[in-house]
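In what follows, a single structure is set out as structure tokens and then discussed.
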Amino acid sequence: MAEDKPRDPEKDKLKIKSAKKMRDIMTAYYIDAKTARDNGKKVAWITSGGPVEALHVMDVIPVYPENHSAMIGATKMGGQLCELAENMGYCADICSYARSDIACATINGGPIGGLPAPDFLVCCNNICGTVMKWYEVQARYFNVPLFIFDTPICHTDFPEETRRYVEKQTVEYITFLEQVCGKKFDFDRMMEVGKLSLQGQRLWQDILDTTMSKPSPMSAFDAFFHMAMIVTLRGTQTAVDYYQELLAEMRERAANKIGVVPHEKYRLLWDNLAIWHKMKWLSEKFAAHDACLVADTYTSAWCSSMKYLDEGDFLKSMVAGYTRIYLNIGVDQMADIIKKMITKYDVDGIVMHSNRSCKPYSLGQYDIRKRIQDEFGLPILMIEADMVDERSFSESQIETRIDAFMEVIKEKKG
Amino acid sequence: MEAIQAFQRVVDDPGGYLKTLKAKRKIIGYCCTYTPEEIIFAAGAHPARLFGTKGAIQRADAHLQSYSCSLVRGVLEDALAGNLDALDGMVFPHTCDSIQRLSDIWRLNISSTWHNDVVLPVKLNTASAQEYLADVLGKFRRELQAWIGAPLTDASLKNSIATYNRLRVLIKRVYELRSASPAIMSGRAVNTMVKGAMIMDRLEAVQQLENLVQALEAGTGQTARSTAKRVILAGSICNHPEIYDIVEKAGAEVVWDELCTGSRFFEGPIAEDGDPLAAIARRYVGRMNCPAKHKDLRSRGETLLHMVQDHTAAGVIFLNFKFCEPHAFDYPYLKEMLQERGIASLLLEIDQELPAAGQLATRIEAFIETI
């Protein structure tokens, strides 16, 4: 990752200091999760866009297979685990997060020796339909209860019947948790956790917004690293405290004009999930062109529905908050959000990761590209790859295309 | 058989056939068995199932990546190529991630059709999901009625349901007759019949099927007992009838199926009394499900096992679309459930084009030899 291994004092200055603390917190979090049973706690596996706040209320440790699969990708163990899943009969075309997780569960492999077995599963399909099939597999494998939080896609609007359905499921979710945990749901605690969740989301958005500064104090590659907290510890004081510290550091860097790319000349926007196994390579590749990926549509998705959330009544407002997130909306609405980001972060071009593993994110990208090109005339690079499976990455071809893309950007901007 | 020829004609040229219907009523396309076509039919419109293009995919490549399935790419290709000019409207029930995005892409690029998303629940096993399902069907009825501009009454819904029940009973009857004596009709003809019945005017389809069943029933008993090995085809839709030919040439018969161009279309009668929309919703809940819908953890496997037992099949051929996630996720557990009962299975992943001639035949022949 971008802040890794400083080689000289100049580079040391560029390093994001909070990163070490972030690693420590994540290590402690995984130790807690892996020792949950010894401490009489339950473990739930939950999707990255799932309503985790209620789990914190119940003192359940939420574990995110998606975050774990991203780690598998970042440590370049994806290809091997995906291959194992394929040997188990899972087709090579299905999501590599799912493939690596399904395989990893059977051997307790991967970078942290596998995830702690779940007591139950919570699957929210606001990110994709894939998670439902994936969690069905794991519910059969671990023989544990599965709660599906169904958030119907909002192609163009948020209809009343959808609101009613999701509202009812909020009640069912709490009843489910009371049953599997064998205790009452504490609504006062829910108020606190809801506040912390919203506070964390606001801070995360503020951190991402520091990249409006020129030069940008951090890049999308840094956001991919620091997002782990908004995903896994959303709704906790830990996340709020950490993000306060990170925000202060980013603001200080912005004030002192410390850019993460030393000679930032070009500002780019990234679309889709990270290519976890190529983060360092991509980050260096763009930096060598004096280009900084200042924003992305992925890490900002965790604050994409803040406007619907009400800390005075989190449970009620999370109905829209969890249903109307980026991805669970129409392609044209996604294009509109990208258009706003182009202006907000003042970008010169867009890099779209056409991600073989993620259909709801990737199908529609060609139309988004066209709409943006028609309106802004911005250069857009499409890279076809996979977030975890490094076998689907053609380095020399992608390198040539990045170079050609940067030539166009340079010519345009001068 | 005359009826099969009639179905064959509409399957060969659905665009041409739909144009002949267009003068009389609005044509509404769809590509999922969770489309409430009974409501469309009741509104006096014509529901037409789309199966993707028969030609090469070119125009759709500007909108969809190569890693989306050939159904999604093929349906868009046909629309962009003008092969679906007969359509007045298009309905997208929520099916899978790919069809969800196809709906967006269609809405943004094909402005000539009325567009409607029927955002069904993904789970069918809870009371709130069933209430939501009924809400969504009610909304579809209102929106369709407003677009058509004529009242859509309960009486017309009940008539429509009766027609669909008859249509489905007749198709099922053909399946039953064929399961009893496979030689009465080729697998290819069965595939043509089901697909044809999903394109053809439903009253005409019922008439053709009545004739077909009558002819088959009259001929039963005259057919020599089949010694062919019995297999079941499982998956979504079969766009390659050659597969039936290969199976038959290898000495086997597809005696039943778990396909959207098959039992997923005809299974499950709709109650003819009570509230018609609630009855349609109950069919979706009770019927064997598509893997894009959650019912429980093993019911699809159990349905498949029953099918194997009921039709004394020796093996199952999975016919999955390449890049279709819901089916790909189910395959390992289904295979395992079958294996535990000593039932062999074969997985074929099919893209727009079949694999090179011979390659597929060799795999199917080898499988059939082992069962």
Side-chain angles (χ1 to χ4, degrees), chain A residues 85 88-95 98 102 123 125 128-130 132-137 139-140 143 146 148 150-156 159-162 164-169 171-172 329-335 354 356-367 370-371 382 384, chain B residues 61-69 72 92 94-98 100-105 107-109 115 117 119-123 125-129 131-136 138-139 291-294 296-298 320 322-336 347 349:
Chain A
M88 291 162 70
Y90 293 94
C91 159
D93 298 314
I94 64 172
C95 165
I102 289 167
C123 170
N125 61 345
C128 58
T130 303
M132 187 184 86
K133 298 310 293 177
W134 172 4
Y135 277 55
E136 282 177 355
V137 170
R140 281 190 293 264
N143 194 25
L146 164 64
I148 295 175
D150 183 11
T151 48
I153 177 152
C154 307
H155 282 288
T156 53
E160 192 44 41
E161 68 274 10
T162 302
R164 267 203 307 274
Y165 174 39
V166 180
E167 218 165 67
K168 282 180 199 157
Q169 290 179 82
V171 178
E172 291 163 6
I329 51 178
V331 158
D332 40 346
Q333 294 179 62
M334 286 163 68
S354 168
R356 295 181 69 89
S357 267
C358 189
K359 292 192 174 74
Y361 219 141
S362 305
L363 306 191
Q365 267 177 330
Y366 292 179
D367 278 81
K370 182 156 190 319
R371 290 168 96 82
M382 190 78 71
E384 188 172 312
Chain B
D61 287 342
H63 302 274
L64 287 165
Q65 283 92 332
S66 59
Y67 50 85
S68 31
C69 78
V72 166
F92 291 93
H94 180 74
T95 304
C96 58
D97 292 336
S98 300
Q100 169 181 309
R101 287 303 177 218
L102 175 67
S103 166
D104 285 336
I105 293 168
R107 180 167 51 82
L108 298 176
N109 293 282
H115 187 279
D117 287 304
V119 190
L120 303 168
V122 301
K123 53 180 179 184
N125 58 338
T126 68
S128 64
E131 283 160 28
Y132 171 69
L133 173 59
D135 282 349
V136 168
K139 182 182 181 182
K293 294 266 176 279
H294 175 84
D296 53 40
L297 295 174
R298 286 183 184 82
N320 288 359
K322 188 160 172 60
F323 306 116
C324 172
E325 278 202 334
H327 279 275
F329 269 104
D330 270 8
Y331 165 70
Y333 105 84
L334 294 176
K335 181 191 175 191
E336 198 185 308
L347 171 66
E349 274 186 350

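To find a chain, count down the sequence lines: A is the first, B the second, and so on, and within it residues start at 1.
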> Measuring heavy-atom distances to chain A, does B:Glu131 have an atom under 4.5 Å in its side chain, in its backbone, in both, or in neither?
Replying inline: side chain

> Using a distance-only test with no angle check, is there a side-chain donor-acceptor pair under 3.5 angstrom linking B:Asp117 and B:His94?
Replying inline: no

> Side chain, backbone, both or neither: which part of B:Lys123 has a heavy atom under 4.5 Å from chain A?
Replying inline: both

> With only heavy atoms counted, which part of A:Val331 is less than 4.5 Å from chain B, the side chain, the backbone, both or neither?
Replying inline: both

> Checking heavy atoms, do the side chain of A:Asn125, its backbone, both or neither come under 4.5 Å from chain B?
Replying inline: side chain

> If you count heavy-atom pairs under 4.5 Å with chain B, which of A:Met88, A:Glu160, A:Gln169 comes out on top?
Replying inline: A:Gln169

>> Heavy-atom cut-off 4.5 Å, strictly under: side chain, backbone, both or neither for A:Cys95 against chain B?
In response: both

>> Under 4.5 Å from any heavy atom of chain B, what part of A:Met132 do you find: side chain, backbone, both or neither?
In response: side chain

> Any sub-3.5 Å donor-acceptor pair from A:Arg140's side-chain atoms to B:Leu297's backbone N or O?
Replying inline: yes

>> For A:Lys168, I'd like to know if atom NZ has over 12 heavy atoms of other residues, nucleotides or ligands within 6.0 Å.
In response: yes

>> Using side-chain heavy atoms (C-beta onward) and a distance below 4.5 Å, is B:His63 in contact with B:Asn109?
In response: yes

> Do B:Ser128 and A:Glu172 have side-chain N/O donor and acceptor atoms under 3.5 Å apart?
Replying inline: yes

> Of the listed residues (B:Thr126, B:Val122, B:Leu120), which shares the most heavy-atom pairs with chain A below a 4.5 Å separation?
Replying inline: B:Val122

>> Which heavy atom of B:Ser103 sits nearest to which heavy atom of B:Phe92, and what is that distance?
In response: CB-CG, 3.5 Å

> What part of B:Tyr331 lies closer than 4.5 angstrom to a heavy atom of chain A: side chain, backbone, both or neither?
Replying inline: side chain

>> For B:Ala127, which atoms come within 4.5 Å of any heavy atom of chain A: side chain, backbone, both, or neither?
In response: neither

> What are the two closest heavy atoms between A:Ile94 and A:Ser357, and how far apart are they?
Replying inline: O-OG, 4.3 Å

> With sequence neighbours left out, what residues match A:Thr162 under side chain to side chain contact (heavy atoms under 4.5 Å, CB included)?
Replying inline: A:Pro152, A:Phe158, A:Pro159, A:Val166, A:Thr323, B:Tyr132

> With only heavy atoms counted, which part of B:Tyr67 is less than 4.5 Å from chain A, the side chain, the backbone, both or neither?
Replying inline: both

> So which part of A:Glu384 gets closer than 4.5 Å to some heavy atom of chain B, the side chain, the backbone, both or neither?
Replying inline: side chain

> So which heavy atom on A:Ile329 is nearest to which on B:Arg101, and how close?
Replying inline: O-NH1, 2.9 Å

> Is chain B contacted by the side chain of A:Arg356, its backbone, both, or neither, given a heavy-atom distance below 4.5 Å?
Replying inline: both

> What part of B:Glu336 gets closer than 4.5 Å to chain A, counting heavy atoms only: side chain, backbone, both or neither?
Replying inline: neither

